[in-house]
Structure formats: structure tokens, C-alpha cells
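What follows is a single structure, and I will ask about it in a moment.
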Amino acid sequence: MTENNTAHLPKDFRIALVVLYIFIFLAGTLNVILMSSMLQSQRRLSFTKVSVINLIAVHSLFLLTLPFRIYYYASEAEWTLGMHFCKIASLMIHAHMYLAFIFYVFLLIVRYVEHSNQRHKLEFHRILHATIASAMVWLIIFSSVFPITITNYGMAENDSTQCFHFGPALKECSVKILNYVFCILVILVWSVLAFFQVYFLLYVSKTFGKATCQRQEFWAQLKNVVFLSVMFFCFVPYQGFRLYYVSEYGKPEEMRHINEVFLAVTAFSCFDMIVFAGRDVCKLINSRGWFHCL
């Protein structure tokens, strides 16, 4: 039995991971279908819409690899799809987290800019422009990170029958520093966005006084709060724990199991749009005659 065998992951942790991933897969798939249907009814090619389209693409790519995680943790079977595919499947949950975070940040910045200048809505005038802008983001991220990571990720792994356990790489100083930078950057960026969000909420409240709750600007800011909440609950706890996990890697062993659970929680962002556009989702479902929303 190798050091990285799934049998070393306690049964309660494996059950928790399987339940979490099944729920994420089902709810995430529903989220992608509903939001794709909603976007078809929107004609304006706004920056917000383009960001949502990219988020749907990010979620969809990740969800395609999720069944492999579910099967592996549920069956304790040997990994038979090769180390390269194992690396891709393992990296996708991290790629999903950071790509989603980037598009969240972009979306919130756009909404803050539009709030500051309500007369000018940011939008693409041609589909080609939106496609080029999105492709540039994906190309920069994947070309700068994926080739190097795929080549070096899992170099310490010597058992091709196991998967999703590449922790030994954290023994290298350069890998530790890179993890520290990513973790601190995510927490710092979220904190800055939260600061601006509090400022905008206070500004709207001060401007409209008792009529604040009746103003569209207030409800628009609450939608931003929803995105910030998704980012906080899905990403910030993992990044905070990751700082401690990287610094104390290997002692004790239970930290690796807890890290896997925190990593799974980051995938809850797969059904962000259901929360963000709750009322619009209700209208869509109602129009299809599935059931009546309250």
C-alpha cells in the first residue's frame, strides 16, 4: 500500500467528499442550464453578460471532470486513466477556483464603474470584440500556468494508480512561496472589493435616506453583496486554511484530509448564478410551467 493510497483517507472524509461532489455536480449542472437559458433572452452584450458567459464556461469545464472525482473517492478503485489525465482532473478544481475568482473580480469592478457613472453602461458593440476579450483572458491564464504546471505538477508522485494527492510538492520552497502569494493575493483582493462595497452601500443609504429600500441602486448593490458572499464563503476559508496547511505540511496527517474538504467547498461557487439572479431564475422556471415561485 502506497503512501498516497485513498485508503489513507478516512471513510468519513471520503463519504463527505462524495456527498459534497454529488450535490455540487447536480446543482452546478442545473445552474449552468438555467443561466444559459436566461442569457438567451438578453440581447445586450454587456460586460456583465460576457463575464457570466465566461463563468458558465468555467463551471462547465470543471463539472466535466467531477464524475471522475466522485467515482474515485466512492469506489477506492485504482486510477486507470493515466497520470496526465489525473493531473488535468486534479488541476481543474484549482483552475476553476482561480478563473471563477478572476471573472468575479472583473464583474464586480464593472458593476462598481457602472454605479459610479450610471449614464454610461459598459458593453461590447460586437460579438467579435467580446470573443476576443474573453479569449485573451483564457489564453493568458492557460498558456502561462498550465504548460509549466502540467510538466512539473506531481513530479514527486511515483504511483500512477493513485490520484489527487500531490502534496509532496509543497516540500519545495518555490512551491510554498507560490502558494503563499496566491493565498494572500486572493484574500487581499476580496478585502479591497469588500471595502468598496461597504462604501457604495453607505453612499446609497446616505443619498436616498428612508427611501433607500425602494431604490433600484440599493438592490443592485445587494446583488454585488451576493457575489462577495459567494467569494467569501467558497474561496476565502480555503485560502486562509491553505496558508496554515502549507506552512505545517506533513504534521499532522489529518490536515491533508481537512484540506481536501476545504478544496471541495470551493466548488460550491458552481451554483452562484442561481443565488445571484434568484428572482430572474424564478421567472424563467415559472414561464416554463415547472412550478410557481413565491
Side-chain angles (χ1 to χ4, degrees), residues 24-25 28-29 31-40 42 44-69 84-114 122-154 164 166 175 178-179 181-183 185-186 188-190 192-193 227-228 230-231 234-235 238-239 263 266-274 276-277:
I24 290 166
F25 179 75
T29 302
N31 176 72
V32 168
I33 294 173
L34 288 175
M35 292 312 301
S36 298
S37 300
M38 286 185 60
L39 288 176
Q40 291 177 2
Q42 298 180 9
R44 290 178 59 249
L45 199 61
S46 65
F47 278 35
T48 299
K49 179 179 178 179
V50 173
S51 298
V52 172
I53 292 173
N54 280 282
L55 280 170
I56 290 175
V58 171
H59 296 330
S60 300
L61 284 175
F62 168 65
L63 290 171
L64 288 175
T65 64
L66 205 49
F68 299 101
R69 283 183 171 271
H84 287 294
F85 187 76
C86 171
K87 290 181 182 181
I88 294 173
S90 182
L91 279 172
M92 276 310 300
I93 193 169
H94 297 280
H96 169 260
M97 173 174 54
Y98 290 113
L99 277 170
F101 183 81
I102 289 172
F103 287 117
Y104 286 146
V105 171
F106 180 76
L107 190 151
L108 285 170
I109 291 176
V110 167
R111 291 175 66 87
Y112 290 160
V113 171
E114 290 182 343
L122 299 176
E123 61 181 71
F124 292 99
H125 298 289
R126 294 184 180 179
I127 295 179
L128 178 62
H129 296 163
T131 304
I132 292 175
S134 300
M136 287 296 294
V137 174
W138 285 80
L139 185 62
I140 291 173
I141 294 174
F142 275 82
S143 63
S144 60
V145 176
F146 252 69
I148 299 176
T149 309
I150 287 292
T151 303
N152 298 285
Y153 190 52
F164 307 133
F166 298 111
V175 177
L178 190 63
N179 274 266
V181 170
F182 282 160
C183 292
L185 190 60
V186 168
L188 182 61
V189 170
W190 181 88
V192 172
L193 291 173
F227 267 122
L228 282 169
V230 170
M231 295 168 69
C234 294
F235 301 148
Y238 171 74
Q239 299 297 336
L263 185 61
T266 65
F268 272 84
S269 62
C270 278
F271 35 98
D272 46 8
M273 291 298 151
I274 294 179
F276 174 71

Which atoms form the tightest heavy-atom contact between V230 and Y104, and what is the distance?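 Here V230 and Y104 meet closest at CG1-OH, 3.8 Å.
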
For L107 versus S51, what's the shortest heavy-atom pair and its separation?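 In terms of heavy atoms, the two residues are closest at CD1-CB, 3.8 Å.
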
For N31 versus C270, what's the shortest heavy-atom pair and its separation?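 Reported closest heavy-atom pair: ND2-O, 2.7 Å.
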
State the CG-CD1 distance between L263 and I93, to the nearest 0.5 angstrom.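 Interatomic distance, L263 CG to I93 CD1, rounded to 0.5 Å: 3.5 Å.
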
Are Y238 and F235 an aromatic pair by the rule of ring centers under 6.0 Å? no

Pairwise distance CZ(F101) to SG(C234) - rounded to 0.5 angstrom: 12.0 Å

Beyond-backbone contact of S36 with I56, side-chain heavy atoms, under 4.5 angstrom: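 They are in side-chain contact.
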
Atom pair CZ (F271) and CG (L34), whose distance is rounded to the nearest 0.5 Å: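 If I round to the nearest 0.5 Å, the distance is 13.0 Å.
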
Can you find a heavy atom in the side chain of S269 that is under 4.5 Å from one in the side chain of M97? no

CG/L193 to CZ/F227 distance, rounded to the nearest 0.5 angstrom?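 Rounded to the nearest 0.5 Å, the CG-CZ separation comes to 12.0 Å.
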
Would you call V58 and W138 a side-chain contact if the rule is heavy atoms closer than 4.5 Å?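 Yes, their side chains come closer than 4.5 Å.
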
Under a 4.5 Å cut-off applied to non-hydrogen side-chain atoms, are M92 and L64 in contact?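 No - every pair of side-chain heavy atoms lies 4.5 Å or more apart.
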
Anything under 30° is parallel, anything over 60° is perpendicular, the rest tilted; go ahead and classify F62 against H96.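 F62 and H96: parallel rings.
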
Closest non-hydrogen atom pair between L228 and W190, with its separation: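 So the minimum-distance heavy-atom pair works out to O-NE1, 3.0 Å.
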
